[in-house]
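Only one structure is covered here, and it is reproduced in the block below.
Every chain is numbered from 1, with letters handed out A, B, ... down the list of sequences. These numbers come from a predicted model, not from an experiment.
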Amino acid sequence: MNLEFTAEEQAFRDEVRAFIAENYPKHLADFGMREDMEREDFLAWHKILGKKGWSVPAWPTEYGGTGWTPTQRYIWSEENARASTVMPLPFGVSMVGPVIYTFGNAEQKAKHLPGIVSGDVWWCQGYSEPGAGSDLASLKTTAVRDGDHYIINGQKTWTTLAQHADWGFFLCRTDPTAKQQEGISFILVDMKTPGVEVKPIKLLDGGYEVNETWLTDVRVPVENLVGQENKGWTYAKFLLAHERSGIAGVARSKRGIEKLREIAANESLDGAPLIKDFDFAKKVSQLEIDLAALEITELRTLAGEQAGKGPGPESSILKIKGTEIQQRLTELTLEAVGTYGAPYMGGVSNDNGSNEFPVGPDYATHAAATYFNMRKTSIYGGSNEIQRNIITKMILGL
Amino acid sequence: MNLEFTAEEQAFRDEVRAFIAENYPKHLADFGMREDMEREDFLAWHKILGKKGWSVPAWPTEYGGTGWTPTQRYIWSEENARASTVMPLPFGVSMVGPVIYTFGNAEQKAKHLPGIVSGDVWWCQGYSEPGAGSDLASLKTTAVRDGDHYIINGQKTWTTLAQHADWGFFLCRTDPTAKQQEGISFILVDMKTPGVEVKPIKLLDGGYEVNETWLTDVRVPVENLVGQENKGWTYAKFLLAHERSGIAGVARSKRGIEKLREIAANESLDGAPLIKDFDFAKKVSQLEIDLAALEITELRTLAGEQAGKGPGPESSILKIKGTEIQQRLTELTLEAVGTYGAPYMGGVSNDNGSNEFPVGPDYATHAAATYFNMRKTSIYGGSNEIQRNIITKMILGL
Amino acid sequence: MDFNFTEEQDMVRAGLSRLVREQYDWETRRKAIASSAGWRPEVWAQLAELGILGMPFSEADGGFGGGAVDAMVIMQEFGKGLVVEPFIPTVVCAGGFLKHGGTAAQKEEHIGGIVAGSAVFAFAYAEPRGRFDYADLETTAAKDGAGYVLNGHKAVVIGAPWASHLIVTARTGGARRDRDGVSVFVVAKDAAGITTRDYVTVDGRRASEVYFENVALPADALIGEEGAGLALIELVTDEAIAALCAEACGAMKVAHAMTVEYSRQRKQFGVPIGSFQVLQHRMVDMYTAYEQALSLTYLATLRLGSDERARKQAVSAAKVGVGQAARLIGQEAVQIHGGNGVTDEYAIGHFFKRLTIFDSEFGNVDHHLKRHVSLG
Amino acid sequence: MDFNFTEEQDMVRAGLSRLVREQYDWETRRKAIASSAGWRPEVWAQLAELGILGMPFSEADGGFGGGAVDAMVIMQEFGKGLVVEPFIPTVVCAGGFLKHGGTAAQKEEHIGGIVAGSAVFAFAYAEPRGRFDYADLETTAAKDGAGYVLNGHKAVVIGAPWASHLIVTARTGGARRDRDGVSVFVVAKDAAGITTRDYVTVDGRRASEVYFENVALPADALIGEEGAGLALIELVTDEAIAALCAEACGAMKVAHAMTVEYSRQRKQFGVPIGSFQVLQHRMVDMYTAYEQALSLTYLATLRLGSDERARKQAVSAAKVGVGQAARLIGQEAVQIHGGNGVTDEYAIGHFFKRLTIFDSEFGNVDHHLKRHVSLG
């Protein structure tokens, strides 16, 4: 047992660091909120990594994975967080990709995986439905077989960044007589198919990162069914466990704490830097301690995975603690900026004046919006309550 | 709306303060833990108050109550806490007394109330049973009618200070065919009746304040039934609501915080008094703030009661917050005494030495035991989880 | 001791409750805060008509003889509807400075306008680097003949876009952060040398950065004694905090009720989510936090007239306790609303945002816990 | 990076697990701690035989070449059974002082006895008014010829009633609380001038007040450099904290498992209490807290050999995180056990008591959070 990097690992870290320094697009350095970003901004780094062969490290090497050890993947995350890179979105890389290479057929793999690896194809996720939330199994969207097509009808919600998506993966009910979690299928849909309509949802931070997606008589070829008909729930659960394992966001939160320290060094309290205020510094320390614990917990989980165990219910801990830390971090950042947390920087116009350029210091600009936005993290991806139910059942055995 | 005392109320406070100063037994001043106390120590102040007519302030005046306003009762609690008096135990005064004067017949009132008022009769409570806990309705103790007697069989637990008791009030099942909460009766039992056996339970603090009580073919005259047969659950609920309203313990916790401040002024940290340590002082302030809130909440509840509303589900808040504060107070006191919290002052003998006289400062002696002991407060009297269930149902309407 | 409201207070509450319900419904509010004005002057006029704006002034000053309890009742009702109109800056703050520090002439000049609704005030005290310290001032008012010349930059002045007048704190002597040397001035917003930059706040109000460049103030712009303004500021901001806590209590009560109702309607796994014990107990904890916060708000309000130490203790206790409750209730309400809780469409998110910004007004939880400790 | 245990470590764990299960069951422990000895010397002898007491010493010093990870494995297993035998005072503390600061002669003299089980140590560092500051010493060792004369009073010296030797900290120069002037000595407990007052602790161990009255120490009683002992003490107590955290992890794991099992057996309202969602989620939070605490214990253990700042950060992080988890798990375990949780009869209360006292050993949560901040 030890925490030291081997000489090989140190060399790898240097290689990664140099690669990022040389290749990461300068105009995306230390980028702020996602909602400011264009489609190409999201994909720029992904495409560079695709060419390098580093866009899907966790995948099997035959599909483009790097074959890195957990330690190498840890180093990779750390270095990207250190440089605040805009990482590839998870919908292709961490969600549908693993489902396709695990459960898809040869044609599906050949057709869909390369676009995910290269970053040319943007995927979105059609799981949630209005009125269903974390209760995925109650979904109502139907796919009815019609010759060599499915006709899909229904409404999905919380489809993140679907406004940019080329393809979507949808859970649809293919057997209306089956119970709750049975009779569901996992179907890939070209978002340009007639009948697919994406409407943005305005969130409480003022941004538009999620959508409602209507599917009206959408005709999808049967070859877009992944795995077996009516077995979609199995793939959905597999995907959710995969999704959770990346959700801890340790390296990003580390970088967030660094930024928080920089902000608190600039803000003042009683004539001294805020970071010198014991009360405030203590909250930062507590956050660092909880994050240090989570980092080791994640590394232990990765080590377990390497030892042959797949991502198990332990990943629910990563989801719960990871999102709690992200939320506390953004809350503390809002607290740090003080009075200048109040100005709203969204697009609402105002005859009398501004909201056109920042009020107060730059770092205060998005503090409130980010805090508001991050409330979602304990709700999505299976709410933290659902995660506790999973641990209750799978680990405590109750 | 105002918080000031009227001239009359100020005069009353002076009267109370003078009465306590003149009449409270000197040898019981600032008494420590109850387990050190003899029966007569528990009853001394009660008897003095009984003679004065102040032992049961909340009762209707016809049975010995004082007719005080809520403000006067508040002053009364404050002044007793200020003097750290050993107050009358609740089993007679706050529990069985109100049940008897509300639901009992004339003979029962005449027979039992005077002994409670005077402090001559010690009551204990036979509600809980092994394996039942807060689920009172599942009780198994039976009372079977046999002519003009009931024959009681069963086992009660957590009968507080039953080792001193003259009488007990017991919930017994009189209709074994009825559902859960029906078929229960409220019966008074002379603890000297053959078949009643009291066995002490050792608690984790080392003390013996609760007991298991076995009832084996205990013959009790039917006139000891309070109210109607099989309607005991109604009286039990009435009693529990009454019990809760006194349970906030605000005045005692105020005194406890004063003592904590004294301890923290004596202990040192980094060469200065502990109370000057911002970290520690902040925890004391937070406790004071929560207690101030609870005090007003209790006064609002009392004002509501005066306006004709009986003690309602709001009293569950008093129970929850009151016990949380008591627990945090004792925890903080243990923290304050530092290293000297570890020595055990109970009666375990040790050939090599001591535990015969205090190790460390006097105020450290019972800090750990008190903290351990107070864990019971969130469990007894309907656990805090049960209180939340009550609020869910009665106030939130869910 | 007495915890009853007067008949008049009950009437005010009922009247405002009706006004908010009937004329300040959610859609109306949404349009108003998105409009170029950002508030509803017609509601302000109506409040003047109903006597609400004159409630806490003495009859001698042209008001209706009410006090802090009346302001509490009013702000609770405003909180329930997230009313954005500037009652606290105008009536509680400016009104407070005039009542406690104003000369007869100043009262004469300004209180009538406040009561009638024609004078709207904003309180310009915060500065870019001052955080919660009222004495940490870079704004200066230099003596110039009988008057003063004001220079400086005030940050996030709530309600300033709507204001006709400003109350401004400035240093007339001493070094930055000295207790002595702080003074308070009243100034018309259209005075020469004042520029503002207006914007929307995240909780749907309006505010300005206010810049003073050689603004000439007459001698009678000074409220209270020159250089001794800090005690006055502390008194008035304590009154403002009590009113702000009352507003937060109103908002928390509605946020809690909305959440309970949502949990009753919303189904998951085939049953209302309000049937899940975990959510039930969390809603109980929200309820308990609200009741405790309300108690602290009563305490602060009723102690505003007590000696300084008791007043500050009670006010800081309230700001701490209400701040903690606001955080708990806001966050839990959003969480229990699930995905809908983070949308702009549902009202609950807006309550959450208002309850968030509440903490940063007039000192946050940490600040007031420190003040409470320092009074220990 | 590597999170695997060696085969040898797995064997040690398995062996100790069996020993605790088979020979340290609850009734046996209960009798032992109530006996006049208060511990089980025969278990100590067995630990020596199994090589446990020699595990963390190098082979050159007569040990088995293990390290901090081995101590962690050992203490986790001891924690599971609330083993009271003084592994930390003897092997981790005294062993640590000898390893890091001892001369060849001192190692020669003492390590053999520790490994063989014949020398039992206690670490006398705390003083009645010193709280958690190792430099806040009233005990003095005055130079006397080549040696020293020791005077003072050490408080709550864990395991002292069982000890043959003491490690004592004393001031050889400087003023109270100075970093300089602190020295460390080894002394036989039966040396002339030492008296003790023995007692039971609330968590079932034994401790003493130890009084030194003109105790003559030879020159070679000094461990490390005169007056420069504080850095050595910080290193050794950091090692002790890591081991203590491992013990707490063992105790928490069992307390959690007992609680889950109790919730499965115990019925209320006709169903197991483990079916109530509120209790389920609280047991999940206990589990999560345990896992996070275990991670911090790993981190602290693996950082003991790092540079001073990294070591102190990791150790303080662990003491904070494990302390918070211990509090949560201890209190919740008792609460979920209900009335039975507060009885002496049920084991859970004893785990709670041990986890409570854990916080006050070598600095509590507040102390280490402060240290963490100071290293920030």
Side-chain angles (χ1 to χ4, degrees), chain A residues 128 130-135 137-138 157-158 180 201-206 210 267-271 274 277 279-280 283 327 331 334-335 337-346 348-356 359-361 368-369 371-373 375-376 378-380 383-385 388-389, chain C residues 34 36-38 126-133 136 155-156 158 161 176-177 196-209 266-270 273 276 278-279 327 331 334-335 337-346 349-350 352-353 356-357 359-361 364 366-367 369-370:
Chain A
S128 295
S134 290
D135 177 15
S138 75
T157 191
W158 315 129
Q180 282 270 313
I201 298 173
K202 186 176 181 186
L203 293 186
L204 87 168
D205 62 355
V210 293
E267 289 286 317
S268 65
L269 178 66
D270 297 339
L274 177 62
D277 176 62
D279 230 20
F280 191 85
K283 288 194 271 194
Q327 292 181 337
E331 185 170 7
L334 175 58
E335 186 183 325
V337 306
T339 314
Y340 279 122
Y344 174 59
M345 299 315 298
V348 171
S349 70
N350 173 8
D351 287 356
N352 299 324
S354 69
N355 284 42
E356 284 157 17
V359 176
Y371 167 60
F372 296 149
N373 183 277
R375 301 317 301 174
K376 74 187 176 193
S378 49
I379 295 167
Y380 71 17
S383 73
N384 287 10
E385 289 79 20
R388 287 187 170 86
N389 287 346
Chain C
S36 78
E127 300 198 356
R129 297 188 62 78
R131 215 166 182 88
F132 308 126
D133 182 352
D136 194 345
V156 195
I158 294 289
R176 193 169 156 185
R177 301 202 296 119
T196 68
R197 217 187 113 194
D198 302 349
Y199 48 84
V200 181
T201 63
V202 292
D203 55 348
R205 298 183 294 170
R206 298 291 160 101
S208 307
E209 300 297 289
R266 171 78 171 185
K267 288 194 175 181
Q268 206 148 54
F269 306 108
I273 62 171
F276 296 126
V278 156
L279 300 190
R327 175 177 184 274
Q331 293 182 350
V334 167
Q335 181 71 20
H337 272 78
N340 291 324
V342 295
T343 63
D344 181 72
E345 188 191 341
Y346 275 68
H350 299 268
F352 166 58
K353 291 197 279 187
T356 299
I357 295 304
D359 185 49
S360 70
E361 299 185 82
N364 64 8
D366 276 5
H367 174 83
L369 196 48
K370 260 181 204 159

Segment of A:Q327 engaging chain C (4.5 angstrom heavy-atom cut-off): neither
Toward chain C, the part of A:D270 with a non-hydrogen atom under 4.5 Å: both
Chain A contact via C:K267 - which portion, at a heavy-atom distance below 4.5 Å: backbone
Pairwise side-chain contact, C:R129 with A:E267, heavy-atom cut-off 4.5 Å (strictly under): no
Donor-acceptor side-chain pairing of C:E345 and C:T343 below 3.5 angstrom: no
Per-residue contact mode, C:D366 against chain A (heavy atom under 4.5 angstrom): both
Contact winner vs chain C - A:N384, A:T339, A:V210, heavy-atom pairs under 4.5 Å: A:T339
Contacting region of C:D359 [heavy-atom separation from chain A under 4.5 Å]: neither
Contact class of C:A207 relative to chain A, heavy atoms under 4.5 angstrom: neither
For A:E335 against A:F280, the heavy-atom pair lying closest together: OE2-CD1, 4.0 Å
Interface moiety of A:A342 toward chain C, non-hydrogen atoms closer than 4.5 Å: both
Verdict with reasoning, C:Y346 to C:F352, per ring-ring contact (aromatic ring centres under 6.0 Å, His included): CA-CA 11 Å; C:Y346 275 68; C:F352 166 58; over 10 Å; no
Rounded distance [0.5 Å steps], CG in A:L204 versus CZ in A:R375: 10.0 Å
Contact origin within C:S208 toward chain A - heavy atom pairs under 4.5 Å: neither
Test item: A:L334 and C:T356 side chains (from C-beta on) under 4.5 Å apart, heavy atoms: yes
Nearest-0.5 Å distance that lies between atom CD1 in C:I273 and atom OG in A:S383: 9.5 Å
NZ/NE/NH1/NH2 to OD/OE distance under 4.0 Å, C:R131 and C:D133: no
Interface residue of largest heavy-atom contact number with chain A, from C:H337, C:K353, C:E209, C:R205, under 4.5 Å: C:K353
Interchain contact, A:S138 with chain C, by part (heavy-atom threshold 4.5 Å): neither
Pick from A:S378, A:G341, A:G338 with the largest number of heavy-atom pairs that fall under 4.5 Å of chain C: A:S378
